[in-house]
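Below: one structure, written as structure tokens.
The model shown is predicted, which means the values in this text are computed figures rather than measured ones.
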Amino acid sequence: MLSLLLASWVAGQGQALELRYPAEEGITNVTVRWNGHDVPFVRRGDAWLAMVGVDLDSRPGEHAVNVTFSYADGRDRVVREPVTVRSESYPTTELTVEERYVELSPEDQARAEREGAETTAIYDTFTPERYWTTAFQVPVEGAKDGRNFGHRRVFNGQPRAPHSGADLRARTGTPVLAANRGRVVLAKDLFYSGNAVFIDHGQGLFTTYLHLSRIDVGVGDIVERGQLLGLAGATGRVTGPHLHWGVRILDARVDPFSLLRLGAQ
Ligand SMILES: [Zn+2]
């Protein structure tokens, strides 16, 4: 039986990865230990599925994760599975923004730190329930791709954190739609991100929508896939109007389009 369960997982730095096993007779639960979280697989048809992510800055090469299979007779079996992380090369971009986003006033510095702690706390929460049941969609109608994911960034000559989302072309006022079903966990103005909406889709998967000109949802709302969240804009640290769309999976920063390519349900 064990031979059927061996998997071969490969993903690039900054990519979503779907883990899959056939639903064999007698298995009642499957759990993977990933980035410090125990992630339960969900049963979909004849397969067990879990969505995970390989962070932008993960070390390339061979890794291994523990997968636990629970059986109807009460036994547990732990399998050590190899995961190969491929190296991706991301370019460096030089950007010019308002000086106050680079040389922060003491007030802005304190605010940015407070908001950083708040967003970290959000990403650290793990909602066991999986809110979504269909594939993710782009949040701007007709968008085919995004730009700048993973870019090493230099703002006004100073190096800053890598760009952890995809920038979608969108004029101010363009409707911004929920990529999938989930619960709104942040909806307000942030120093760097401007008007921001964060959605918790469950199982450690979050999507974020930044620099909006208007927010139409509130914290606690359950939003459906394709529901209007607000309008695109140019608030926060930007060079012009666009939608910054981000995806975090179990604390890994991944390219949102890698999630779409999986077509995962
Ligand atoms: Zn961006």
How about Gln13 and Pro60: do any of their side-chain heavy atoms sit closer than 4.5 Å?
yes
Thr125 side chain to Ile122 main-chain N or O, any donor-acceptor pair under 3.5 Å?
yes
Is there a side-chain contact between Val176 and Leu212, using heavy atoms and a 4.5 Å cut-off?
yes
Which heavy atom of Val65 sits nearest to which heavy atom of Trp9, and what is that distance?
CG2-CZ3, 3.9 Å
A side-chain contact here means heavy atoms from C-beta on lying under 4.5 Å apart; do Leu243 and His211 qualify?
no
Quick check for you: to the nearest 0.5 Å, what is the distance between Ser58 atom OG and Glu88 atom CD?
11.5 Å
Answer yes or no: is there a side-chain heavy-atom contact under 4.5 Å between Leu19 and Leu49?
no
Do Tyr209 and Phe198 have ring centroids that are under 6.0 Å from one another?
no
Please say yes or no: joined through hydrophobic side-chain contacts below 4.5 Å, possibly via intermediate residues, are Val138 and Leu177 part of one cluster?
no
Do the side chains of Val32 and Leu205 join up, straight or via other hydrophobic residues, at under 4.5 Å, putting them in one cluster?
yes
Please test Val197 against Ile215 for side chain to side chain contact (heavy atoms under 4.5 Å, CB included), starting from the C-alpha separation and ending with a verdict.
CA-CA 8 Å; Val197 173; Ile215 295 176; 3.9 Å; yes
In short, Ala232 meets Ser213 closest at the heavy-atom pair O-OG, 2.8 Å
For Arg153, is the CZ atom crowded, meaning more than 12 foreign heavy atoms sit under 6.0 Å from it?
yes
Would you call the rings of His201 and Trp132 parallel, tilted or perpendicular, taking 30° and 60° as the class edges?
perpendicular
Take Glu129 and Gln203 through the side chain to side chain contact (heavy atoms under 4.5 Å, CB included) test and state the conclusion after the steps.
CA-CA 6 Å; Glu129 184 187 349; Gln203 294 212 306; over 6 Å; no
Interatomic spacing from NE2 in His151 to OG1 in Thr93 - rounded to 0.5 Å:
5.0 Å
Measure from the ring center of Tyr123 to the ring center of Phe206 and say whether it is less than 6.0 Å.
yes
Are there over 12 heavy-atom neighbours, none belonging to Gln109, within less than 6.0 Å of that residue's CD?
yes
Kindly indicate whether the side chain of Val54, heavy atoms from C-beta on, has any atom under 4.5 Å from the side chain of Val254.
no
Just wondering, do Thr28 and Tyr71 contact through their side chains at under 4.5 Å, heavy atoms?
no
For the OG1 atom of Thr96 and the CG atom of Asn156, what is their distance to the nearest 0.5 Å?
5.5 Å
Does any part of the side chain of Tyr90, heavy atoms only, come nearer than 4.5 Å to the side chain of Arg152, both counted from C-beta?
yes
Other residues, nucleotides, ligands: >12 heavy atoms within 6.0 Å of Asp46 CG
no
Evaluate Gln137 against Asn180 for side chain to side chain contact (heavy atoms under 4.5 Å, CB included), listing each step before the verdict.
CA-CA 7 Å; Gln137 68 165 58; Asn180 217 332; over 6 Å; no
Indicate whether the side chain of Arg33 and that of Asn66 have a donor and an acceptor atom separated by less than 3.5 Å.
no
Kindly give the heavy-atom pair with the smallest separation between Pro175 and Leu231, and that separation in Å.
CA-CD2, 4.0 Å
Check Arg214 with Asp216, please: is the shortest side-chain N to carboxylate O separation under 4.0 Å?
yes
Run the ring-ring contact (aromatic ring centres under 6.0 Å, His included) test on Tyr101 and Phe155 for me, step by step, so that the C-alpha distance in whole Å, both residues' side-chain angles and the decisive distance to 0.1 Å come before the verdict.
CA-CA 9 Å; Tyr101 288 110; Phe155 284 100; 9.0 Å; no
I need the Leu104 CG to Phe191 CZ distance, nearest 0.5 Å.
4.0 Å
Any donor-acceptor pair under 3.5 Å from Ser105 side chain to Asp108 backbone:
yes
Could you check whether any side-chain N or O of His242 sits under 3.5 Å from a backbone N or O of Gly240, counting only pairs where one atom can act as donor and the other as acceptor?
yes
Write down the atom of Gly150, the atom of Leu56, and the distance for their closest heavy-atom approach.
CA-CD1, 3.6 Å
Passes salt bridge (charged side-chain N to carboxylate O under 4.0 Å, His left out), Arg147 versus Asp167? Steps please.
CA-CA 5 Å; Arg147 290 167 295 146; Asp167 291 332; over 6 Å; no
What's the verdict on salt bridge (charged side-chain N to carboxylate O under 4.0 Å, His left out) for Glu107 and Arg111, showing C-alpha distance, side-chain angles and the deciding distance?
CA-CA 6 Å; Glu107 295 75 27; Arg111 181 184 171 193; over 6 Å; no
What heavy-atom pair brings Tyr131 and Asp200 nearest, and what distance separates the two atoms?
CD1-O, 3.5 Å
Test item: Trp34 side-chain N/O and Gly53 main-chain N/O as donor-acceptor pair under 3.5 Å:
yes
Which atoms form the tightest heavy-atom contact between Asn195 and Asp189, and what is the distance?
OD1-CB, 3.6 Å
Could you tell me whether Arg237 sits above the aromatic face of Tyr192, with NZ or CZ closer than 6.0 angstrom to the six-membered ring centre and within 45 degrees of the axis?
yes
His37 side chain to Val39 backbone, donor-acceptor under 3.5 Å:
no
Sub-4.5 Å side-chain heavy-atom contact between Val85 and His63:
yes
Nearest 0.5 Å, what's the CD-CD distance between Glu118 and Glu113?
14.0 Å
Please answer: with hydrophobic residues joined when any side-chain heavy atoms are less than 4.5 Å apart, are Leu186 and Val184 in the same cluster?
no
Between Glu103 and Arg100, is there a donor-acceptor pair closer than 3.5 Å when you use the side chain of the first and the backbone of the second?
no
Centres of the Phe257 and Phe149 rings: under 6.0 Å?
no
Quick one: side chains of residues 245-253, donor-acceptor pairs under 3.5 Å with protein atoms, not counting sequence neighbours, listed by atom name and distance.
from: Arg253; atom 1: NE; to: Asp55; atom 2: OD1; distance (Å): 2.9
from: Arg253; atom 1: NH2; to: Asp55; atom 2: OD2; distance (Å): 2.8
from: Arg253; atom 1: NH2; to: Asp57; atom 2: OD2; distance (Å): 3.1

Could you walk me through whether Val78 and Val67 pass side chain to side chain contact (heavy atoms under 4.5 Å, CB included), step by step?
CA-CA 6 Å; Val78 179; Val67 180; over 6 Å; no
Pairwise distance CG(Asp255) to CZ(Arg261) - rounded to 0.5 angstrom
5.5 Å
Around atom CZ of Arg225, are there more than 12 heavy atoms from other residues, nucleotides or ligands closer than 6.0 Å?
yes
Does one side chain, of Thr68 or Asp76, offer a donor that lies under 3.5 Å from an acceptor on the other?
no
Polar side-chain atom of Asp221 near backbone of Val223 as donor-acceptor pair, under 3.5 Å
no
Yes or no on side-chain hydrogen bond (donor to acceptor under 3.5 Å, both in side chains) for Arg160 and Gln158, after CA distance, side-chain angles and deciding distance?
CA-CA 6 Å; Arg160 290 292 184 266; Gln158 298 198 32; 3.2 Å; yes
